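Lettering of chains follows the sequences in order, A, B, ..., and the numbering in each one begins at 1. Just so it is clear, the structure is predicted and the values come from calculations on it, not from any experiment.
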Number of protein chains: 2
Amino acid sequence: MIDEFLQDDDYTLNAGLIDAILATVEAGEHGRLVALLEPLHEADIADMLEQISPSERENLLILWGHKIDAGVLSELEEGIRDEVMRDLPDAFLAEAVRELDTDDVVYLVEDLDVPQQEKLLEKLDAVDRVAVEQALTYPEDSAGRLMQREFVVAPNHWTVGQAIDFMRAADDLPEVFYDVIIVDPMMHPVGDVRLGMIMGTERDVLLIDLMPDNFRTIPVEQDIEHVAYAFNQYHMVSAPVVDENGRLVGVITIDDAMEVLEDEVEEDMNLLAGLGDEDLSSRVWRTTKRRFPWLAVNLFTSVLASMVIALFAETMEQIIALAVLMPIVASMGGNAGTQALTVAVRAIATHDLTSANAMRVVKREVLVGLANGFVFAVIIGIVGVVWFGDPMLGVVLGLAMIANLLVAGLAGIMIPITLDKLGIDPALASGVFVTTVTDIVGFLAFLGLAAMLLL
Amino acid sequence: MIDEFLQDDDYTLNAGLIDAILATVEAGEHGRLVALLEPLHEADIADMLEQISPSERENLLILWGHKIDAGVLSELEEGIRDEVMRDLPDAFLAEAVRELDTDDVVYLVEDLDVPQQEKLLEKLDAVDRVAVEQALTYPEDSAGRLMQREFVVAPNHWTVGQAIDFMRAADDLPEVFYDVIIVDPMMHPVGDVRLGMIMGTERDVLLIDLMPDNFRTIPVEQDIEHVAYAFNQYHMVSAPVVDENGRLVGVITIDDAMEVLEDEVEEDMNLLAGLGDEDLSSRVWRTTKRRFPWLAVNLFTSVLASMVIALFAETMEQIIALAVLMPIVASMGGNAGTQALTVAVRAIATHDLTSANAMRVVKREVLVGLANGFVFAVIIGIVGVVWFGDPMLGVVLGLAMIANLLVAGLAGIMIPITLDKLGIDPALASGVFVTTVTDIVGFLAFLGLAAMLLL
């Protein structure tokens, strides 16, 4: 790292460094650009490329002489990756894919058109090419796409010494591996031994005597969301992937699982906010289109809520205070519902909310809704009385508040549970349903009670 | 695993298994309980304990004879962990802490009262005791709390062969380790070599010739949020932790970092939904208290919004359709604002939104807000005209929609950026600010335009 641009202590790219890179690009100083980029980690170069504008990116790549590292390509987010790859010469890309592990090649080519894909895959060695083509036959977001083909196996009769001699003699060990997978003669994994165990054990001990109790294989079609869950739950570092016949076909390592885990939580978060698949660098038009659907649904449900309000137009004409106060009850319900919902969605994703405790959690949400309902009923009741001088208006506000916070808790927990039972991602549609319920109940309870008690 | 209770293929605990365990507890069959629990992973036992009710948990632990594995304790979420530990005999706990790695002991004792803590730590070996006490002096959520003290070092003049001989002879190798840390005579880490590299290299090669380019140490006071980011960004598997003098004091491994990463994303998600620190198993009263503050803030801001509405009470008395329609504009703004906000909060957390691209992202949000504003202006304008037969009402709705979605985009991106600049977690308070802005602007724009154009 060039000293003046020491990384900030939270690992953020130094803003001065990005400015310096852009200035260098503008001045066309190839040597200085290389000097600035050379000490950076591939992931940081990728971040930098994502943060500058498309035209800056193009100029930088030209000045750099398209010397971008293959590793940088696989760190780029999809939109930028495809843009950058479009600009790179074929010969360069061919070189790049040859350098990468098969799982990274899969990431690079999986979204390309078939002809482009074939043109690139042609450049690979026959073995790697078959591996990548095989991986592409597995469903998107399956273990088969995530796994790498580089691993170390040992037959189940080997000793520690034999394994060490084999590894020392091998000239194509994977760049990164954490254990030796023990297989039977049919290539079925029967266990794995961590390198640390092999290191610390006498040469004549059998490998199978070092295998830990907990050994799990991952089916090649397994959803990567479940794979990430298993890594996190069982503190796994690498796991063999097996085909439908139980034969070893690849290995998934924890760094890949970690990325998936982050993506999955982020996806839940985005779905709850009504966001589709969107990157920070997505263009305006794409972003607009991705955000449109949820807003459209929201428009529909808020028109529904307005129809409920319209039922009470006459009541409001007589007591205009109702129109002034009615958003309060609906808004409180929406917030309480979102709280319950967020807890439920995460708990379902982490397998903490199951049929074993569902009823107890539902009961808890109802009681929490009631408890906060009573407290806020008192507060808002007093506000209503003080503001409009009508004690009965305060009573109506308070009762509507209790009803809506109770319903919010119930909807917030029941809706995601029900969606999950129906096989729908509970994060996907829960938000709409819950706020629709709390809006409608909020307006209905407040205006309905007012019509009954105040007129 | 007892065959009839094979784990579901998404790694969910089989519901039948939990029922069987509870039935066994009720029947008091100690032998069968042990048989059912024995094949389970510690993390799954912990999940099961979290999912059953407090009284079931107590009965299970009594029947189990308080034979709970120390590893299970460190997998429990905090609330349940403290409840279970209260019930366990001191002698048992003393045994448990002796079995665990120091980082797990720290997790177990960090929330205990000082006298309880001391009583437990007394049972540790002097070395471990000092290690745990030292860890507890570091700030909560710092690398010093997360790290383990078990690691393997080699002096910087050693060869591969010397390292292998040393490890083979050592009788206290860590249970899990992935690399050998190379240190100078002052215990300053100068690099690390992965075990896989050592395995694949001739005995007479110097370790320092195997060190990768990218080597990072973690300051002991570093916030674990940044540690998790670094692991994910740089695909690290383990990293040495150093004290203020740069001397090696511990090691953090990727499985710990993975857990932190998940917690951090989840925390952002919870903060955005107005949730405090809450577990699924938190009791009603605790949950109610934790959710109260955000609801109170929301009550305050929705009363503010009502005050804005009150300014237009006379206008609404003349055209009651305004009261019917006004929640639509506010609700659309709230949703659009939340979309922009969620993207911004995550992008800040992942260091993708920085001063290098902030202006471009702000511009994008404004354009997206305008674009969706125009589309929904047309739709809602038509709804207004058709429903109430007043073209001018449609125009007012449409204009207010454009204004509010524009403001929503702007508030959604500017508010988290500003909070971050002020050193406040952008996820914490953004939600309140954004929806307050969109509510107030929504009501003000719609009713204000109506007062100007319709009366």
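At a 4.5 Å heavy-atom cutoff, A:Thr435 makes no contact with chain B through either its backbone or its side chain. With a 4.5 Å cut-off on non-hydrogen atoms, B:Val308 does not touch chain A at all. Using a 4.5 Å cut-off between heavy atoms, B:Ala305 does not touch chain A at all. B:Glu365 touches chain A through its side chain: at least one heavy atom from C-beta onward sits under 4.5 Å away, while N, CA, C and O do not. Using a 4.5 Å cut-off between heavy atoms, A:Ala257 contacts chain B through both its backbone and its side chain. For chain A, no part of B:Thr253 is nearby; none of its heavy atoms comes within less than 4.5 Å. Of the atoms belonging to B:Thr301, not a single heavy atom falls under 4.5 Å from chain A. When heavy atoms are compared at a cutoff of 4.5 Å, A:Ala321 does not approach chain B at all. For A:Val265, the parts sitting under 4.5 Å from any heavy atom of chain B are the backbone and the side chain alike. For A:Ser355, the part sitting under 4.5 Å from any heavy atom of chain B is the side chain, from C-beta outward, and nothing else. Both the backbone and the side chain of B:Val284 come within contact range of chain A, each with at least one heavy atom under 4.5 Å from a heavy atom of that chain. Both the backbone and the side chain of A:Ala310 come within contact range of chain B, with heavy atoms under 4.5 Å apart. Only the side chain of A:Leu272 comes within less than 4.5 Å of a heavy atom in chain B; its backbone stays farther off. Proximity to chain B (any heavy atom under 4.5 Å) is shown, for A:Phe312, by neither the backbone nor the side chain.
Note that CG of A:Asn357 and CD1 of B:Ile18 are 7.5 Å apart. Values are rounded to the nearest 0.5 Å. The CG atom of B:Asn232 lies 13.0 Å from the OH atom of A:Tyr11; values are rounded to the nearest 0.5 Å. For the atom pair CD (A:Glu266) and CD (B:Glu266), the distance works out to 13.0 Å, reported to the nearest 0.5 Å. Between atom CG of residue A:Leu195 and atom CZ of residue B:Phe177 there is a gap of 9.0 Å, rounded to the nearest 0.5 Å. With rounding to the nearest 0.5 Å, the separation of CD1 in A:Ile254 from OH in B:Tyr178 is 6.5 Å. For the atom pair CG (B:Leu295) and CG (A:Asn372), the distance works out to 5.5 Å, reported to the nearest 0.5 Å.
For the set A:Thr342, A:Ile328, A:Val152, the count of heavy-atom pairs under 4.5 angstrom toward chain B peaks at A:Ile328. Counting heavy-atom pairs under 4.5 Å between each of B:Glu50, B:Gln51, B:His351 and chain A puts B:Gln51 at the top. Contact count against chain A (heavy-atom pairs under 4.5 Å) is highest for B:Ile52 among B:Leu405, B:Ile52, B:Leu22. Interface summary for chain B: among A:Ser281, A:Gly334, A:Ala340, the most heavy-atom pairs under 4.5 angstrom belong to A:Ala340. By number of non-hydrogen pairs under 4.5 angstrom with chain A, the leading residue of B:Met401, B:Gln339, B:Met167 is B:Gln339. Chain B forms the most heavy-atom pairs under 4.5 Å with one residue out of A:Ala169, A:Ala46, A:Ser282, and that residue is A:Ser282. Per-residue counts of heavy-atom pairs under 4.5 Å with chain B were compared for A:Lys363, A:Arg291, A:Glu264; the largest is that of A:Arg291. Between chain B and the options A:Pro219, A:Ala296, A:Ala170, heavy-atom pairs under 4.5 Å are most frequent for A:Ala296. The greatest number of non-hydrogen atom pairs below 4.5 Å with chain B, out of A:Asn298, A:Asp255, A:Leu173, A:Ile309, is found for A:Asn298. Between chain A and the options B:Val227, B:Thr350, B:Val160, B:Val176, heavy-atom pairs under 4.5 Å are most frequent for B:Val176. Contact tally against chain A (heavy-atom pairs below 4.5 Å) for B:Phe166, B:Phe231, B:Trp285, B:Phe292: the top residue is B:Phe292. The most heavy-atom pairs under 4.5 Å with chain A, out of B:Leu299, B:Ile164, B:Leu367, B:Thr354, come from B:Leu299.
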Query raised in the report: Given B:Met199 and A:Val180, is the side-chain contact (heavy atoms from CB on, under 4.5 Å) satisfied, shown in steps?
Result: CA-CA 11 Å; B:Met199 284 290 182; A:Val180 173; over 6 Å; no

Requested in this report: Before giving the answer on side-chain contact (heavy atoms from CB on, under 4.5 Å), spell out for A:Leu275 and B:Thr338 the whole-Å C-alpha distance, their side-chain angles and the decisive distance to 0.1 Å.
Outcome: CA-CA 9 Å; A:Leu275 284 168; B:Thr338 303; over 6 Å; no

**Report entry** Steps toward side-chain contact (heavy atoms from CB on, under 4.5 Å) verdict (B:Met326, A:Met326)
**Finding:** CA-CA 11 Å; B:Met326 78 186 168; A:Met326 79 186 167; 3.7 Å; yes

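Judged purely by atom type and a 3.5 angstrom limit, B:Arg168 has no side-chain atom pairing as donor or acceptor with the backbone of A:Arg203. Counting only distance, with no hydrogens or angles, the side chain of B:Arg364 and the backbone of A:Leu280 share a donor-acceptor pair below 3.5 Å.
For B:His41, the ring pair (Phe, Tyr, Trp, His ring centres under 6.0 Å) partners two or more places apart in sequence, or in a different chain, are A:Tyr234. For B:Arg360, the salt bridge (Lys or Arg N to Asp or Glu O under 4.0 Å) test picks out no residue, with sequence neighbours left out.
Across all their heavy atoms, A:Gln233 and B:Ala43 have their closest contact at O-CB, 3.1 Å.
Counting heavy atoms from C-beta on, the side chains of B:Val303 and A:Ile380 come closer than 4.5 Å.
A side-chain N or O of B:Glu75 and one of A:His235 form a donor-acceptor pair less than 3.5 Å apart.
The pair B:Arg346-A:Glu278 fails the salt-bridge criterion, with no side-chain N (NZ, NE, NH1 or NH2) lying under 4.0 Å from an Asp/Glu carboxylate O.
The 12-atom threshold is not exceeded at CZ of B:Arg283, counting heavy atoms of other residues, nucleotides or ligands nearer than 6.0 Å.
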